Amino acid sequence: MTNTFSANSPLPLVLTGFMGAGKTSVGQVVANKLAREFVDMDVVIEEEEGMPIPKIFETHGEAYFRAREAVWCERLATRDNLVIATGGGALVNPSNRIRFKDAFIVCLDAAPDEIYNRLKEQPNRPLLASTNPQQRIIELMAARRDAYAQVEWHLDTTGKTIEQVAEEIVRLLVPRRISVSVPDSVCPIFVGAGLLGRVGQLINLTTDDFSPRCAIITNAHVSRLHVSPVIESLRRRNFEPSVIEIPDSEKFKTLETARTIYDQLLDAELDRQSIIFAMGGGVIGDLAGFVAATFLRGVSLVQMPTTLLAMVDASIGGKVAVDHPRGKNLVGAFKQPHAVIADTSALATLPEEELHSGMAEVVKHGIIGDIELFEMLERDPRSSPVPTEGRQNWITRAMQVKIDIVARDPLEQGERSKLNLGHTFGHAFELLSNYELQHGEAVSIGLVCAAWLAVRQNLCVAEVATRIENLLRAIDLPTRVPREMSTDAILSAMATDKKRVGGRLRFVLPRALGQVDIVDNVSPEDVSAIIDERREE
Ligand SMILES: NC(=O)c1ccc[n+]([C@@H]2O[C@H](COP(=O)([O-])OP(=O)(O)OC[C@H]3O[C@@H](n4cnc5c(N)ncnc54)[C@H](O)[C@@H]3O)[C@@H](O)[C@H]2O)c1
């Protein structure tokens, strides 16, 4: 399910940037694509004054023209569904930038030579009336650099066609929006680069019925890297966010930490209409989600995952929990978020090993329900982690597998347990390594064991297991059971797995790529055989 941002957000899109950057021509194409009205501010001023801009400069002077620009910024900022091309100098004036504080402003950039080439045949450029226009362009650009730097979004148009630039803007403006529908709620999932700076806007899109007081729950590390744009964006929408930082690590995903958060929420005077924003990896998502499910008998939750694992897995589906001394995630709830906002550019700061860990879950989703995703990864197993268009595509594909399963089985009464593929083995490896193995590494070995167990059970052909093992190896994930872990220790660690039902071990096993079964009747001998066979040499 996709949806366009423009359909939901009437706020103006404003294009600014130096003369010749393409504001007018690109603006027209973008307006067409978004079915919006296009306004060229220079043209409306010319019409109002009854003369072309060089004549306005000549007759009334630049200050007069700038004053007219300010009036038009004021008028247009409150009109819905517009794409506005401003004159190159309009947003140099800070008051005009403030007038457009709610708009989505994009500054189009281009190299000076390219600007000169685009403009050299055009008359009507009073600011370039000089014996050395090239030098004049460089000087004017330098004079405006600081003002343009205040604009949040920049797009380099050098060497690009109008159509290409327009496409890029539409992509910026239209985050991929998918949604998970469970009984009584539909949770929109926004995926795209730079969305943390647009949280306020995205929340307003979904409903306006929230208290201004809200809380962002995160940790100090993620906060330092990513919280500022979130705060700014929320404040622009009249929210009053408090930032609550908790210590970083699974060790603190506990009831005790939840209690300290309740104290801070009470101090910040949140009420039943408040939102809790969970910004971070799965630990934050689970803990802040648990708090949102229980504080004042439940307040709204917005998941803002910043790790790959949290984007493709933990933030979707509404399972929230804290750990108990006797096991992980033993105290929890189902709490569907009001929205999920996955800013893929946050992945740029994620340490390599965390990306790795997330990749195991991405592969898992391919095996469970999307052979094309699996094949995409086979073709390019080391595709860049930073948000390129391709990456975004596979992130949304990986999310979609979970979304589809959660929509069919929101309370994990059946099919949803397919998402545990590789985890019965994986949890045992994680535990026996004393958590030295990353979760994703343990899952990776678990996926390989599950695949070969499926072959042994005659559930799938060996080629399936070989492809799974080869892909994980190509991603640099481990595929062999650690030498030091004895088979007995692994079997007994599995026997304490929370996912066991009525004392029996339950496995999720691949039948083919993109298709898995839940299997209850596996003998311990078969499991032992696989562990022995897959151990490191
Ligand atoms: N609820 C669910 O359905 C579900 C599903 C899967 C996993 N989980 C839970 O998720 C947790 C694991 O999540 P995780 O793998 O995201 O680990 P995590 O939350 O511990 O995050 C990993 C590390 O990355 C840091 N980090 C996060 N975002 C960053 C960024 N953008 N840049 C730099 N550093 C960043 C964190 O501070 C942390 O140190 C576990 O507690 C697991 O139980 C829940």
Side-chain angles (χ1 to χ4, degrees), residues 180 187 193-196 217-227 229-230 245-254 257 278-290 292-293 301 303-324 327-337 340-362 364-365 385-387 398-399 401-403 405-406 409-412 416-423 426-427 430-431 435 437-443 498-499:
V180 57
C187 162
L195 298 189
L196 288 178
I217 300 179
T218 183
N219 65 41
H221 179 57
V222 176
S223 178
R224 186 174 51 75
L225 293 167
H226 297 294
V227 86
V230 180
E245 291 177 0
I246 57 169
D248 187 2
S249 150
E250 179 82 30
K251 275 203 305 255
F252 297 98
K253 203 177 100 177
T254 60
T257 313
M279 185 176 80
V283 167
I284 295 284
D286 277 11
L287 178 56
F290 178 78
L301 168 70
Q303 291 279 12
M304 302 195 300
T306 59
T307 63
L308 181 55
L309 178 134
M311 287 182 194
V312 302
D313 192 351
S315 65
I316 300 167
K319 279 214 251 174
V320 295
V322 291
D323 298 338
H324 184 275
K328 263 182 74 144
N329 298 328
L330 291 185
V331 181
F334 284 95
K335 169 78 187 166
Q336 287 301 335
V340 177
I341 299 175
D343 182 347
T344 46
S345 37
L347 295 178
T349 60
L350 194 64
E352 191 62 37
E353 65 271 18
E354 296 297 341
L355 273 167
H356 243 96
S357 209
M359 284 307 292
E361 304 289 347
V362 174
K364 181 193 82 176
H365 286 191
V386 277
M399 287 173 158
V401 171
K402 179 150 185 189
I403 289 168
I405 290 180
V406 167
D409 179 19
L411 300 178
E412 194 161 344
R416 187 163 172 173
S417 54
K418 287 182 178 172
L419 293 163
N420 294 324
L421 174 67
H423 282 60
H427 281 148
E430 212 178 352
L431 185 74
Y435 294 92
L437 274 178
Q438 286 258 338
H439 175 72
E441 292 175 330
V443 168
K498 155 164 84 70
K499 301 280 159 36

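First listed ligand is number 1; within each ligand, the first listed atom is number 1. Here the structure is a predicted model, which means the values were calculated and not measured.
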_Shortest protein contact, atom 41 (O) of ligand 1 (heavy atom only)_ = Glu250 OE1, 2.5 Å
*Do His221 and His226 pass the ring-ring contact (aromatic ring centres under 6.0 Å, His included) test, and can you show the C-alpha distance, the side-chain angles, and the key distance before you say yes or no?*
CA-CA 9 Å; His221 179 57; His226 297 294; 8.6 Å; no
*asked:* One residue to check: Thr306. Relative to ligand 1, which of side chain, backbone, both or neither has a non-hydrogen atom less than 4.0 Å away?
replied: both
*asked:* If the threshold is 4.0 Å, N to carboxylate O, is there a salt bridge linking Asp313 and Lys364?
replied: yes
_Shortest protein heavy-atom distance from atom 35 (C) of ligand 1, along with the residue and atom involved_ = Leu350 CD1, 3.5 Å
_If I apply the N/O under 3.5 Å rule, does Leu225 come out as touching ligand 1?_
no
*Distance to 0.1 Å, residue and atom name: give those for the protein heavy atom nearest to atom 6 (C) of ligand 1.*
Asp313 OD2, 3.6 Å
*asked:* Considering non-hydrogen atoms of the protein only, which is the closest contact for atom 39 (O) of ligand 1, and what is the distance?
replied: Asp248 OD2, 2.8 Å
_atom 7 (C) of ligand 1: nearest protein contact (heavy atom, Å)_ = Leu309 CD2, 3.7 Å
_Minimum-distance protein heavy atom relative to atom 42 (C) of ligand 1_ = Lys328 NZ, 3.8 Å
*asked:* Quick check: His439 with His356 (ring centres under 6.0 Å apart)?
replied: no
*May I ask you to identify, for Glu361, whether its side chain, its backbone, both or neither come under 4.0 Å of ligand 1 on a heavy-atom basis?*
neither
*Sub-4.0 Å atoms of ligand 1 with respect to non-hydrogen atoms of His226*: 31 (N)
*salt bridge (Lys or Arg N to Asp or Glu O under 4.0 Å) between Lys253 and Asp323: does it pass, once the steps are laid out?*
CA-CA 6 Å; Lys253 203 177 100 177; Asp323 298 338; 3.7 Å; yes
*Nearest heavy atoms of Ala398 and Val362, plus distance in Å*: CB-CG1, 4.1 Å
*Hey, are the side chains of Asn219 and Glu245 touching, using non-hydrogen atoms and a 4.5 Å cut-off?*
no
*Give the atoms of ligand 1, by number and element, whose distance to some non-hydrogen atom of Lys402 is under 4.0 Å.*
3 (O)
*Around atom 20 (O) of ligand 1, find the nearest protein heavy atom and jot down its residue, atom name and distance.*
Val283 CG2, 3.4 Å
_Give me the residue, atom name and distance of the protein heavy atom closest to atom 9 (C) of ligand 1._
Asp286 OD2, 3.4 Å
